[in-house]
Number of protein chains: 2
Amino acid sequence: MTPAEFSPLISAALAKLDYGQSPTELYEPIRYIMGLGGKRIRPLLTLLGAHLFTDDLGPAIKPALATEVFHNFTLLHDDIMDQAPLRRGQPTVHEKWNANVAILSGDVMLVRAYELFFDLSPALLPTVLRRFSQTAAEVCEGQQWDMNFEKDAEVSIPRYLDMIRLKTAVLLGFCLELGARVAGASEEDAEHLRQFGTDIGLAFQLRDDLLDVYGDAATFGKRVGGDIVSDKKTFLLLTAQAQASPSQQLILRQHIGQPVPDAEAKVQAVRAIYDELHIRPQTEALINGYFQDALQHLERVAALPARKEPLRQLALQLMERES
Amino acid sequence: MTPAEFSPLISAALAKLDYGQSPTELYEPIRYIMGLGGKRIRPLLTLLGAHLFTDDLGPAIKPALATEVFHNFTLLHDDIMDQAPLRRGQPTVHEKWNANVAILSGDVMLVRAYELFFDLSPALLPTVLRRFSQTAAEVCEGQQWDMNFEKDAEVSIPRYLDMIRLKTAVLLGFCLELGARVAGASEEDAEHLRQFGTDIGLAFQLRDDLLDVYGDAATFGKRVGGDIVSDKKTFLLLTAQAQASPSQQLILRQHIGQPVPDAEAKVQAVRAIYDELHIRPQTEALINGYFQDALQHLERVAALPARKEPLRQLALQLMERES
């Protein structure tokens, strides 16, 4: 099996999952959110991680699906907390049903994610479950920090980076580590892959911050400047606030956290400050730093270069994506 | 160690649990709800289940705590869904903090409950985790049925009994089965104990329904008649609706599901119908039926009668409780 076949394999395996039937209010929302699609990056990383060390991907498939079910559980509960009306262009579960249904369906999804690990060999199971649980708790910590930051007057850049590490990056790192462990990799290789995935996750999230401001409206899925309009404390804004001159601070304060009479004017004013402060190249430099770190970890993994190539390609795609 | 020492042991072990520190908004609510107390019946059942077969309770302690953390996770999320202002006389987590904090803290509690199983031997871990996950999903199913029943015009008695089995009884059954499995009991003994616990759970919940109407206001913790005032579809109401004469049906319809000008009059009118239909002895007969079934399962467990006695006593206490 070649990496090009992994995505269809994941889609087919996901389509066969049985979450439960009755009551329908509990299980239909799970099928709904899992059916909304997405890139299925997490199970793909798990399979690519396993494929570094083995041709037998069988044992990695259900654990790979676990990461996707878990990820969608976090989306489901986060959407309630963020009062998000849409997810992938469709109504969120709490909008289509209600918040109670969304809470409870999410709870069962977390249980189902755990269940997808239980066929692992008894030798692997405790370590994998410990690492998964630690990662799951960290993702919740990241979401709580993210909510806290909305109210906090001051958020330092290291704390912001730690938030996106917890909320987004550690799960990507876990997916790769998981694949490696299931395929019998050494502790050292599993750890290098975890760090590769975490670095890629940080770069991926920073790319997201960047695309919001500098993305092409035609290819970027969301409205360009949405983070600026909603006063979101992104890496770009926090860096600008840290580096702004007194007159630039004044302009930022006139726009950030203020009612918006003209959203377009706000986006332009803030982006002008970003441009003056060279926020874009600074962000790109940080993204590239994480990317280089990631590649060094991948380099150190004891696997054939040809097997690593799809991971390097995927990382590159995530870095250079325009949407 | 004697069963009288189990409760202090559980309290001490619970007090030592480390759920996490930062962010405080995530972990403080867990310490808060776990600190509200309660009878700690579930870990007690686990230890009593283990004690049937072994004197070495060490390996059962963390799994026993898992059941209590899981139970409190369900309370935390149920309280959001039920918009309950109080839990054990104190503000609920979503009241003291907010719903988002309550959702996310609950999610981490479920993860922490799983973690408390991971020290089990690799030979036991997969089976225990499969059974725990099945039970956890069933508890969620029970909660969803309970919410559905609030809106359903007709709820049959078998469906009501199935709802309380899922929402309350299966977890008590699991706790006993868990203790037995950790202590190396046979599959057959684990199964008898599971059924003993499930029967006791059903009887316990029916006792709750009964106490709401026929409890002594002085000893019953809640307001007597609260279920009647809130039109709750309890075993008593569903049985009365199924057995009422046309004139009694009319009186029930005048009171149930109607705005309440005089709550006391409503309670008295509905209770009068219950009395005419002998709902109390019918309920007591069903409770006693479950209790006898439970004892038969306990009887068949291959353990010393002296070891079973504390379980029989605890079951009797739960049956005869007045609050």
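In what follows, chains are A, B, ... by sequence order, proteins preceding strands, each numbered from 1. Just the heavy atoms: all of them, side chains too, but no hydrogens, waters or symmetry mates, feed the values below.
If you measure heavy-atom distances from B:Phe73 to chain A, the contacts under 4.5 Å come from the side chain alone. B:Asn148 touches chain A through its side chain: at least one heavy atom from C-beta onward sits under 4.5 Å away, while N, CA, C and O do not. In this structure, the portion of A:Leu110 lying under 4.5 Å from any heavy atom of chain B is its side chain and not its backbone. The contact between A:Tyr27 and chain B is made entirely by side chain atoms (from C-beta outward), counting heavy-atom distances below 4.5 Å. The part of A:Tyr114 that comes within reach of chain B is its side chain, from C-beta onward, which places non-hydrogen atoms under 4.5 angstrom from that chain. Using a 4.5 Å cut-off between heavy atoms, B:Asn98 does not touch chain A at all.
Listed here is the closest heavy atom pair of A:Met81 and B:Asn100: O-ND2, 3.0 Å. The two residues A:Ser22 and B:Glu141 make their nearest non-hydrogen contact at O-CD, 3.7 Å. The heavy-atom pair separating A:Phe118 from B:Pro126 by the smallest distance is O-CB, 4.4 Å. The minimum heavy-atom distance between B:Cys140 and A:Asp107, with the atom names listed, is SG-CB, 4.1 Å.
No donor-acceptor pair under 3.5 Å is formed between the side chain of B:Arg130 and the backbone N or O of A:Glu115.
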| message | A:Glu138 vs B:Val111, test: side chain to side chain contact (heavy atoms under 4.5 Å, CB included). Steps then yes/no. | response | CA-CA 11 Å; A:Glu138 286 176 347; B:Val111 172; over 6 Å; no

| task | Show the numbers, then the answer: is there a side chain to side chain contact (heavy atoms under 4.5 Å, CB included) between B:Gln144 and A:Val108? | result | CA-CA 11 Å; B:Gln144 185 65 53; A:Val108 178; over 6 Å; no

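Per-residue counts of heavy-atom pairs under 4.5 Å with chain A were compared for B:Asp119, B:Asp82, B:Val139, B:Asp78; the largest is that of B:Asp119. Contact count versus chain A (heavy atoms, under 4.5 Å) is highest, among B:Gly20, B:Ala99, B:Pro23, B:Pro122, for B:Pro23.
Using a 4.5 Å heavy-atom threshold, the side chains of B:Gln143 and A:Leu26 count as separate.
With rounding to the nearest 0.5 Å, the separation of CD1 in B:Ile80 from CD1 in A:Ile80 is 8.0 Å.
Around CD of B:Gln134, the count of heavy atoms belonging to other residues, nucleotides or ligands within 6.0 Å exceeds 12.
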